[in-house]
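Accompanying notes for the structure given below.
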Amino acid sequence: MLPRAIRDDAHLEDLLSDPSPGVVESLARLPGDLVILGVGGKMGPSLPRMARRASDATGTQRRIIGVARFSTPGLERQLQDWGIETIRCDLLDEEQVARLPDAPLVVAMVGMKFGATGQEAMTWAMNSHVPSLICRKYRHSRIVAFSTGNVYGLTPVQGAGSLETDILNPVGEYAQSCVGRERMYEYFSRRYSMPMALLRLNYATEMRYGVLVDVALRVFRGEPVDVTMGHLNALWQGDANAMSLCALEHVASPPLVLNLAGPELLSVRRVAEEFGRLLGKPVAFQGSEADDAVLSNAQKAQGLFGEPRVPAERLVEWIADWVRRGGANLGKPTHFEVRDGKF
C-alpha cells in the first residue's frame, strides 16, 4: 500500500529503491555481477540499491558495482553503506574504462543534458563517444542503456504519443547527440550481436527533482507557470528503476527499444491548478498551450512490465506535501518547457 506522504529523505530513498516483484524475479533468473555506469546522476543512487535489495531478497550472490566520478560529497559512502561497491572512473578515459571489472549485466546511465548549450563538443563526447567505449569494454554483456524521449521531437497532443517505431526528429544538439548515442549502441549490437535495450525515458520524477516538482515550486513561490509546452508525461523514478532492471531480461540484437513514461497525458495547466489547491496558493499562467509537446506512448513497456506502481495523482499529492514542508530539492530544474532543444 502506498503511503499518504513521504516523511523524509530516508523514507524517500527506501521507496525509490523498493524492488517490484518483477525486479526480484528477473534478477533471480539472471546470474552474475551487475555494473551500473554513471551511478552519480539523479537516478543513479536508488537504482543500484534496488538491485541490491532484490538480489538479497532471494539470496542471489552478486556484486553490485557503481561507477562514476563521484563529485557529489557523501554519495560514494552512502552507496557503500547500502552494500554497493564503488569505483571512481572518468568514462571518457579509455584506459580507465578498460580497467573496469567484467560483468555479464550492465546498466548505462551516463549522459549529459544540462549545460549542453555552450558545451556542445562535451555533450557529443558524453552522449555519443562514451557508448563506443562501453561497448568495447562490455562486448560480451547484456546492456541496458538509457536514452530520452527528446529524440522524437514534438508530437501532436491529440495523438497517443510517440511510438518506438516513429521516425526520429531531434531538435537541438542535445537531442541530436542522443540519437548519436542510440546509433552507436545499435552499431555495436548489430556488429557483434550484443544483446541490448535502449530506454527512451521522459520524465522520471521524485520529490527532489522532476517536471512535477518544477511546476509545484513555481506555484509555491508565486511564479507564473509557462503552459506553452502544455502537456507532459511523468513517471515515478522508482518505477523507472524497476523497469530498467527488468529490461535486462529482454535485451536483444538489434537493440530492443522501449519508451519509459507515465501512462497519463498530463495537462500542465491542470497540474498547476491542483498544486494550487493542495498548497493553498493562487496560480498565475503565462503563454498558451501549443498543439504539440514531447510525449511518449509507453504501452509496449507496460505490456512487458505492467502499469507503474505510483499513479500521477499520488505523485502530485506527495510532491505538494513535500514542497509545503520544505523538503530537500536537488536544485536542478528540468527545463521541460524548452521547445527549441537548447538546454
Side-chain angles (χ1 to χ4, degrees), residues 2-17 40-47 72 75 109 113-115 146 148-150 201-241 260-287 293-296 308-339 343:
L2 297 175
R4 297 301 304 174
I6 298 178
R7 297 186 302 273
D8 50 29
D9 280 32
H11 188 201
L12 174 59
E13 291 291 351
D14 283 343
L15 291 171
L16 288 172
S17 63
K42 295 176 293 296
M43 286 184 64
S46 57
L47 190 146
T72 302
L75 175 59
M109 310 178 74
K113 179 178 182 181
F114 304 117
F146 277 87
T148 171
N150 288 98
L201 174 65
N202 64 298
Y203 293 102
T205 299
E206 47 122 306
M207 302 302 101
R208 301 163 298 192
Y209 169 86
V211 292
L212 298 180
V213 175
D214 289 351
V215 176
L217 287 174
R218 284 189 172 276
V219 172
F220 187 70
R221 294 167 179 166
E223 300 169 355
V225 176
D226 190 336
V227 295
T228 309
M229 187 76 87
H231 295 81
L232 57 87
N233 305 119
L235 181 67
W236 168 238
Q237 184 174 301
D239 285 315
N241 289 340
L260 297 192
E264 305 95 345
L265 174 63
L266 300 177
S267 161
V268 173
R269 184 180 297 272
R270 291 178 182 173
V271 167
E273 289 171 344
E274 180 63 8
F275 277 129
R277 185 186 70 82
L278 293 169
L279 293 168
K281 299 280 187 177
V283 185
F285 297 102
Q286 65 183 30
V294 177
L295 300 168
S296 293
R309 291 180 290 175
V310 181
E313 180 180 4
R314 181 57 59 88
L315 274 177
V316 168
E317 294 172 353
W318 281 352
I319 291 168
D321 177 73
W322 185 271
V323 168
R324 184 175 56 250
R325 291 187 289 113
N329 184 275
L330 297 183
K332 296 180 179 180
T334 63
H335 303 294
F336 78 93
E337 68 277 8
V338 168
R339 295 178 58 83
F343 294 97

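Counting begins at 1 with the first residue of the sequence. Hydrogens, waters and symmetry mates are skipped; everything else that's a heavy atom, side chains included, is used.
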Residue pairs passing the side-chain hydrogen bond (donor to acceptor under 3.5 Å, both in side chains) test with at least one member in residues 277-286, sequence neighbours excluded, are Glu274-Arg277
TODO: Using a 4.5 Å cut-off on heavy atoms from C-beta on, say whether the side chain of Trp236 contacts that of Pro311.
DONE: no
Residues passing the side-chain hydrogen bond (donor to acceptor under 3.5 Å, both in side chains) test with Thr205, sequence neighbours excluded, are none
When every non-hydrogen atom of Ser46 is compared with those of Leu16, the smallest separation belongs to CB-CB, 3.7 Å
Heavy atoms of Phe285 and Glu273 approach each other most closely as CZ-CG, 3.8 Å
Across all chains, not counting sequence neighbours, the side chain to side chain contact (heavy atoms under 4.5 Å, CB included) partners of Glu313 are Glu317
Rounding to 0.5 Å, atoms CD (Glu206) and CD1 (Ile6) come to a distance of 8.5 Å
For His231 and Val268, the nearest pair of non-hydrogen atoms, with its separation, is N-CG2, 3.9 Å
Using distance only, find each side-chain donor-acceptor pair of residues 213-221 under 3.5 Å and give its atom names and separation, not counting sequence neighbours.
{"from": "Asp214", "atom 1": "OD2", "to": "Thr334", "atom 2": "N", "distance (Å)": "2.9"}
{"from": "Asp214", "atom 1": "OD2", "to": "Thr334", "atom 2": "OG1", "distance (Å)": "2.5"}
{"from": "Arg218", "atom 1": "NH1", "to": "Pro224", "atom 2": "O", "distance (Å)": "3.2"}

Q. Is it the case that more than 12 heavy atoms not belonging to Arg270 sit under 6.0 Å from its CZ atom?
A. no
Which of Val227, Leu212, Leu232 passes side-chain contact (heavy atoms from CB on, under 4.5 Å) with Val271? Answer is Leu212
Asn329 meets the side-chain hydrogen bond (donor to acceptor under 3.5 Å, both in side chains) criterion, sequence neighbours left out, with none
| said: Taking Glu337's backbone N and O only, do any of them form a donor-acceptor pair with Asp226's side chain (distance below 3.5 Å, no angle check)? | reply: no
Taken in chain and number order and not counting sequence neighbours, the residues that satisfy side-chain hydrogen bond (donor to acceptor under 3.5 Å, both in side chains) with Asn202 are Ser296
Nearest heavy-atom contact between Val310 and Leu315 is CG1-CG, 3.9 Å
Arg339 meets the side chain to side chain contact (heavy atoms under 4.5 Å, CB included) criterion, sequence neighbours left out, with Leu154, Thr228, Met229, Ala290, Asp292
- Note, Phe275 side chain near Val323 side chain (heavy atom, < 4.5 Å): no
For Asp8 and Trp322, the nearest pair of non-hydrogen atoms, with its separation, is C-CH2, 3.6 Å
Side chain to side chain contact (heavy atoms under 4.5 Å, CB included) filter on Arg309, not counting sequence neighbours, yields Asp18, Ser20, Met50, Asp239, Ala242
ask   = side chain to side chain contact (heavy atoms under 4.5 Å, CB included) between Val294 and Asn150: does it pass, once the steps are laid out?
value = CA-CA 7 Å; Val294 177; Asn150 288 98; 4.2 Å; yes
Hits for side chain to side chain contact (heavy atoms under 4.5 Å, CB included) against Thr72, two or more places apart or cross-chain, chain-then-number order -> Leu75
Lys332 NZ/CZ over Tyr209 ring centroid, <6.0 Å and within 45° of normal = no
Correct closest heavy-atom pair for Leu201 and Ala240 would be CD1-CB, 4.2 Å
Problem - Heavy-atom donor-acceptor pair, Arg325 side chain to Arg7 backbone, under 3.5 Å - result: yes
By salt bridge (charged side-chain N to carboxylate O under 4.0 Å, His left out), Glu13 pairs with (sequence neighbours left out) Arg208
Close side-chain approach of Glu264 to Asn233, heavy-atom, < 4.5 Å: no
